[in-house]
Amino acid sequence: MSAGTVIIGASHAGVTCAAALREAGYTDRILLVSEEEGIPCHRPPLSKGYMTGAVSADSLPLKSASFYQEDNIDLLTGVKVTAVNPGQKNVVLSNGKIVSYNYLVLATGSKPRPWHGADLPEHVYTLRTVQDASNIARRAASLSGAVVVIGGGYVGLELAATLRTHFKKEVHIVEMAPRLLRRAASAELSEYVAELHKKAGNFLHLSCPVKAINAGHKTTIDVVLHDDTVINAEMVILGTGIVPEQTLAGEAGLACQDGIVVDKFCKTSDEFIFAIGDCSRFPVAHHAQTLRLECVQNAMDQARVAASVIVGEAKEYAAVPWFWSDQLGVKFQTAGIIEDGMTCVVRGEKSSGKYALFHFYSNGRLGAVETINQPALHMLARRLLAAEISPDMQQAGDVQFDLKGLIGK
Ligand SMILES: Cc1cc2nc3c(=O)[nH]c(=O)nc-3n(C[C@H](O)[C@H](O)[C@H](O)COP(=O)(O)OP(=O)(O)OC[C@H]3O[C@@H](n4cnc5c(N)ncnc54)[C@H](O)[C@@H]3O)c2cc1C
């Protein structure tokens, strides 16, 4: 069997890459291989609307089933790629077939970080797939006791919010760092999010590494904190982050370093193999360090870059990273990359629930903007960052100052 392009992983990155190839006029065979069963689905609603029923299962697919037929994309689901052989330019499938390729795209994403320690008791969950979300919702609907969410990152917090407001549970958020969202948000935003959760009735346990998760009495679970405090729960969610799925790449001899290393064209250390989305580590303009991002924007933008190279119209990856989170009735959006040591300027009144945090590098250049219930300002921030236009700090903090006026000047 052969295909012009084989794409491993059919999620935000893989599906977008296949679609972008066809949009760009690519006519060779595209084989999209997915280890997951069923039609590829959006992940963001799984911790948000899908959990509450506001988003139905019908609206989860990334593309309709007819899309794959009409665009002549061979979608193979429930099949894993078990090996990549760059020398022979082929891949081995779990059904025993070998498929040769001209180009290979690794869109293998990420997987929940494995829990250290002993076997976990029943009713400890991670959230990545539609099945995981359904299992969590079913359990939440049937239990009467507390829930412990381990990890104060975005996915854990979104779940904690839903479990509190929709399922009316007693929720404990246990985080080993001294603040929530340590990796993804500024300290100023973390503080606001923590206040919201406390106001909603969630219990926060910060600077609290979890020592053990043990089976308790009957179906309960004992979550043992670093100081031997025990929280008794009927469900535990592991929101302890993800790790890039780079096994195939590593075994194939491709350069990997907490992610599959790629250049600005999403090319790996093999010129015929690309890596895109959560699994890739890539260079970013103005940053000395390479980055690995875990968001839909990055998955989709990198997919388009890889497709552009395959069709011979190479475009560099130069997108401004952005992502969003919805929790407790608030929309949080971030454009750019938050780094330690930035100067934060507040625009608007925090007490109004609609404001923004502008983050500047030490040289006065705007680096990132976090908006709270300000979608129009988020869009404007993305335009400013993309055009490398910086307001000064005084302008950023003055709600009367017309930031839009800076564009085009
Ligand atoms: C609950 C949840 C909520 C989220 N909310 C947001 C949000 O609000 N905003 C945002 O920007 N991002 C959000 N994210 C993150 C976003 O979903 C990810 O960044 C995005 O899914 C990355 O897409 P991807 O295609 O790179 O990888 P993935 O979505 O991880 O998909 C990779 C696919 O490859 C498959 N695969 C791996 N290895 C093989 C193999 N050997 N053979 C075949 N198939 C293989 C996997 O099974 C998987 O289906 C959320 C994620 C989750 C889980």
Side-chain angles (χ1 to χ4, degrees), residues 6-18 31-51 55 60 62 75-84 91-95 99 104-113 125-134 136-137 151 153-162 184 237-239 241-252 259-260 262 266 274-282 292-303 306 321-327 331-335:
V6 172
I7 303 173
I8 309 177
S11 181
H12 293 276
V15 171
T16 305
C17 187
L31 177 66
L32 187 53
V33 189
S34 171
E35 180 184 10
E36 286 185 54
E37 300 278 358
I39 189 155
C41 285
H42 288 276
R43 297 202 196 279
L46 300 182
S47 51
K48 307 177 184 77
Y50 182 69
M51 206 45 80
V55 172
L60 285 182
L62 287 165
L75 174 64
L76 198 55
T77 61
V79 174
K80 186 173 178 168
V81 174
T82 55
V84 170
V91 298
V92 182
L93 307 184
S94 54
N95 60 15
V99 187
L104 176 67
V105 180
L106 298 166
T108 48
S110 51
K111 56 187 176 193
R113 188 183 304 283
Y125 300 86
T126 53
L127 174 55
R128 193 78 198 158
T129 64
V130 179
Q131 190 59 53
D132 296 337
S134 303
I136 292 170
Y154 273 121
V155 170
L157 290 175
E158 286 174 354
L159 264 180
T162 306
I237 310 282
L238 294 178
I242 55 171
V243 289
E245 182 47 90
Q246 60 186 40
T247 317
L248 282 177
E251 287 171 0
I260 307 165
V262 297
C266 300
F274 298 80
I276 56 175
D278 279 16
C279 67
S280 77
R281 172 166 288 281
F282 57 95
R292 193 170 62 69
L293 291 178
E294 300 158 7
C295 61
V296 169
Q297 165 274 323
N298 178 59
M300 294 180 70
D301 283 335
Q302 286 195 320
W322 61 267
F323 64 90
W324 75 100
S325 172
D326 297 317
Q327 45 185 300
K331 180 168 278 303
F332 298 96
Q333 291 167 296
T334 299

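Order of appearance sets the numbers: ligands from 1, and atoms from 1 within every ligand. Values reported hereafter were calculated over all heavy atoms of this structure, with side chains retained and with hydrogens, waters and symmetry mates removed.
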Original post:
Are any non-hydrogen side-chain atoms of Q246 and S280 less than 4.5 angstrom apart?
Top reply: no
Original post:
By side chain to side chain donor-acceptor pair (under 3.5 Å), which residues pair with K111, not counting sequence neighbours?
Top reply: E245
Subject >> Residues I276, C17; criterion side chain to side chain contact (heavy atoms under 4.5 Å, CB included); working and verdict >> reply: CA-CA 9 Å; I276 56 175; C17 187; 3.9 Å; yes
**OP:** Scan T247, V243, T108, L248 and name whichever one has a side-chain contact (heavy atoms from CB on, under 4.5 Å) with C279.
**Re:** T108
Subject >> Neighbouring residues of ligand 1, heavy-atom cut-off under 4.0 Å >> reply: I8, G9, S11, H12, A13, V33, S34, E35, E36, R43, P44, S47, K48, V79, K80, V81, A107, T108, G109, S110, L127, R128, V155, E245, L248, G277, D278, E294, C295, V296, A299, F323, W324
**OP:** List the steps and the verdict of side chain to side chain contact (heavy atoms under 4.5 Å, CB included) for I8 and V84.
**Re:** CA-CA 10 Å; I8 309 177; V84 170; 4.0 Å; yes
**OP:** Using the side chain to side chain contact (heavy atoms under 4.5 Å, CB included) rule, take N298 and F323 through it: C-alpha gap first, then chi angles, then the decisive distance, then the call.
**Re:** CA-CA 9 Å; N298 178 59; F323 64 90; over 6 Å; no
